[in-house]
Amino acid sequence: MGENQAKELLRQIPGVDAVLQMEAVREALSRHPRSIVLEAIREELGEVRQRILHSPGPHFAVNHQELARSAARRADRLAAFTLLPVVNATGIVIHTNLGRSLLAEEAVSRLQRICSGYNNLEYDLQKGERGSRYVHAESILRELTGAEAALVVNNNAGAVFLALNTLAAGREVVVSRGQLVEIGGSFRIPDVMSSSGAILKEVGTTNRTHLKDYVSAITERTAMLMKVHTSNYRVVGFTSEVSLEELATLGQEHGLPVVEDLGSGCLIDLTPFGLRGETTVRRTVQAGADLVTFSGDKLLGGPQAGIMVGRKELIEKCRKNPITRALRVDKMTLAVLETTLRLYRDERQAVEKIPTLRMIAVSPEELNRRAGRLASALQEADPRNVLRIEVRPGFSQVGGGSLPAQDLPTFVVAVRSGALSANRIEKFLRRNDPPIIGRIESDHFIMDVRTLIAEQTEIIAGAFQRLVESGQK
Ligand SMILES: *Cc1c(COP(=O)(O)O)cnc(C)c1O
């Protein structure tokens with residue numbers, strides 16, 4: 001394209017004020033703040049200018065109507081929420097990218113009740129004076145875990161950091177090489193250790209660590225013996241690790257605290273649901289850990305939080321550490337956590353009412369029925385049979401770095417289409433409102449019904465109907 005031609009096209013670009021007068025943009029102004037619409041227009045004009053300067057093709061013309069519509073759509077995008085509800089059709093119950101645990105209804109209504117008014121977050125109603133936020137949820141945690149004391153902070157990474165910084169800064173912490181875990185990229189035991197000021201003393205090998213390895217690592221520089229739950233992986237084959245009981249005895253002999261980072265923090269026995277190998281917090285306390293740390297939003301099924309339970313003297317030291325202030329929990333977390341924990345007083349009730357547990361416990365028969373219902377809803381949304389829809393057995397995962405080697409039998413709905421690739425289906429559903437997240441397996445789009453909640457069958461069917469219609473245009 002010649003220079004003159006480009007100049008001519010650039011002259012055709014309307015000014016901001018002209019675009020502001022156009023129908024589509026005037027409508028956008030009724031929905032969004034003026035500043036956002038202006039930003040959208042400027043970005044849009046800038047993009048048209050760039051396109052002209054970088055050879056726009058022979059038939060390019062500046063279309064004012066189209067430009068206004070495009071600016072209005074851009075304003076919609078700029079003004080939209082960024083944190084959105086999504087439909088989790090992955091079957092991964094504690095999905096780290098999709099918000100981990102869902103909250104129980106009881107917890108959400110309690111949250112609303114506590115946070116839409118004033119509350120006694122830091123007020124002692126007995127004494128009529130300033131109180132501590134850390135008393136909330138403490139007694140229920142003691143009751144459920146059998147520990148002497150408890151402390152709740154922002155997340156489990158914070159709890160581990162706080163324990164290390166309080167009890168071991170400048171001194172050595174003995175950990176097995178088989179337990180130097182990385183969780184989700186940003187939490188790595190060696191890194192948390194060094195940022196807390198504690199010095200990592202690795203013992204044993206990746207697959208085998210023995211009691212004598214710990215014994216010979218203990219010196220006057222040792223501050224703590226630590227065990228880390230290998231949440232998201234398993235070492236199998238020729239392996240051996242030292243039990244918590246043995247470590248606890250060793251710690252007692254040397255006057256050293258034994259700390260276990262449990263990761264998930266399971267409060268009930270999951271073996272009735274076919275999941276083996278996840279211990280409970282209570283058993284860990286009973287086995288002799290002086291301090292146990294775990295998450296609030298993994299298997300516990302509550303809010304994001306880091307929970308520490310254990311010996312009163314150690315918890316008290318952690319509470320007094322000035323860093324606790326930087327890790328402190330807010331009233332929203334405490335309201336949700338206390339309510340969730342109270343549901344555990346009756347285990348059957350916990351499994352019924354806490355979504356994470358309910359989704360783990362749901363029977364294969366029920367999942368089969370749900371998959372059947374979803375498949376028929378999709379069939380109805382596709383009268384011309386563009387899609388091939390089938391119910392199949394499959395496996396779900398607990399997720400959240402919990403129980404990595406164990407899959408839960410489930411039923412999935414698999415969708416394939418000669419006209420639409422699985423990638424196209426996936427992308428269309430991901431951009432739906434609300435977004436629907438599933439997975440692709442050998443050119444099928446797969447939806448696991450385990451993690452769907454009540455009305456989502458209709459939402460999914462509606463999206464597929466639009467997908468099929470869009471494919472026919
Ligand atoms: C998940 C996990 C953490 C981090 O917990 P957050 O609550 O995500 O901060 C730490 N340690 C272990 C073993 C974990 O599984």
Side-chain angles (χ1 to χ4, degrees), residues 1-90 96-99 184-186 386-387 415 417-440 443 445 459-460 462-473:
M1 187 176 58
E3 206 174 304
N4 287 337
Q5 219 178 327
K7 269 193 189 140
E8 173 50 29
L9 282 173
L10 286 173
R11 261 195 296 276
Q12 288 174 14
I13 297 178
V16 174
D17 288 330
V19 182
L20 274 170
Q21 297 308 316
M22 303 190 65
E23 179 69 18
V25 168
R26 284 219 305 275
E27 272 171 33
L29 278 168
S30 69
R31 297 192 292 273
H32 308 304
R34 191 178 170 84
S35 57
I36 286 183
V37 177
L38 280 173
E39 172 68 18
I41 295 173
R42 287 198 193 100
E43 285 181 12
E44 202 60 40
L45 294 177
E47 219 163 75
V48 173
R49 209 168 288 127
Q50 287 306 313
R51 225 180 304 155
I52 292 171
L53 293 172
H54 297 97
S55 52
H59 304 299
F60 185 86
V62 180
N63 179 331
H64 290 199
Q65 299 297 337
E66 208 170 273
L67 196 151
R69 280 194 297 272
S70 183
R73 281 196 301 273
R74 191 182 283 266
D76 290 344
R77 286 200 300 276
L78 289 177
F81 275 102
T82 64
L83 184 58
L84 303 169
V86 310
V87 174
N88 176 6
T90 65
T96 302
N97 303 143
L98 303 181
S186 54
V386 176
L387 308 171
V415 179
S417 166
L420 302 159
S421 71
N423 280 320
R424 167 119 187 248
I425 298 174
E426 187 275 338
K427 190 169 164 190
F428 186 92
L429 295 175
R430 178 157 43 82
R431 295 182 174 184
N432 186 60
D433 174 19
I436 298 162
I437 313 295
R439 65 174 193 273
I440 295 173
D443 213 38
F445 183 73
I459 292 175
I460 297 172
F464 269 96
Q465 188 168 358
R466 288 187 292 279
L467 169 67
V468 171
E469 284 162 8
S470 79
Q472 273 155 10
K473 275 184 207 144

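Rounding to the nearest 0.5 Å places CD1 of Ile440 at 11.5 Å from NZ of Lys427. The structure places CD1 of Ile13 at 8.0 Å from CG of Leu67, a figure rounded to the nearest 0.5 Å. If you take CD on Gln5 and CD1 on Ile52, they are separated by 10.5 Å, rounding to the nearest 0.5 Å. In this structure, the separation between CD on Gln21 and CG on Asp17 is 7.5 Å, given to the nearest 0.5 Å. Put simply, CZ on Arg34 and CD1 on Ile41 are 8.0 Å apart, with the number rounded to the nearest 0.5 Å. One distance of note links CD of Glu27 with CZ of Arg69; it measures 11.0 Å at 0.5 Å rounding.
Annotation for Glu44 and Ser70: closest pair OE2-OG, 2.7 Å, computed over non-hydrogen atoms. When all heavy atoms of Pro85 and Pro435 are compared, the pair lying nearest together is O-CD, 3.5 Å. Considering every non-hydrogen atom in both Ala463 and Ile436, the closest pair reads CB-CD1, 3.7 Å. Considering all non-hydrogen atoms of both residues, Ala75 and Ala40 come closest at N-CB, 3.6 Å. The two residues Pro14 and Val62 make their nearest non-hydrogen contact at CD-CG1, 4.1 Å. Closest approach of Phe445 and Glu426 over heavy atoms only: CE1-CA, 3.8 Å.
Under the side chain to side chain contact (heavy atoms under 4.5 Å, CB included) rule, Ile437 has a single partner from Thr90, Val87, Leu429, which is Thr90.
Not counting sequence neighbours, Glu23 has no partner by the side chain to side chain donor-acceptor pair (under 3.5 Å) test. Every side chain to side chain donor-acceptor pair (under 3.5 Å) that Arg31 has, sequence neighbours left out, goes to Asp76.
Remark: Arg11 CZ is packed, more than 12 non-hydrogen atoms of other residues, nucleotides or ligands lying under 6.0 Å away. Glu66 CD: 12 or fewer foreign heavy atoms inside a 6.0 Å radius.
A donor-acceptor pair is defined here as one N or O able to donate and one able to accept, closer than 3.5 Å; such a pair exists between the side chain of His54 and the backbone of Gln50. Within the 3.5 Å criterion, the main-chain N or O of Gln12 finds a donor-acceptor partner in the side chain of His64.
Side-chain atoms of Leu420 and Val415, non-hydrogen and from C-beta on, never get closer than 4.5 Å to each other. With contacts defined as side-chain heavy-atom distances shorter than 4.5 Å, the pair Val48/Phe60 qualifies. Here the side chains of Leu20 and Leu38 are in contact, with some heavy-atom distance below 4.5 Å. Inter-residue side-chain proximity for Pro434 and Val86 is flagged as unmet; no heavy-atom pair is nearer than 4.5 Å.
Checked for salt-bridge contact, Arg466 and Glu469 miss the test: no charged N lies under 4.0 Å from a carboxylate O. Glu43 has no carboxylate O lying under 4.0 Å from a charged side-chain N of Arg77, or vice versa, which leaves the two without a salt bridge.
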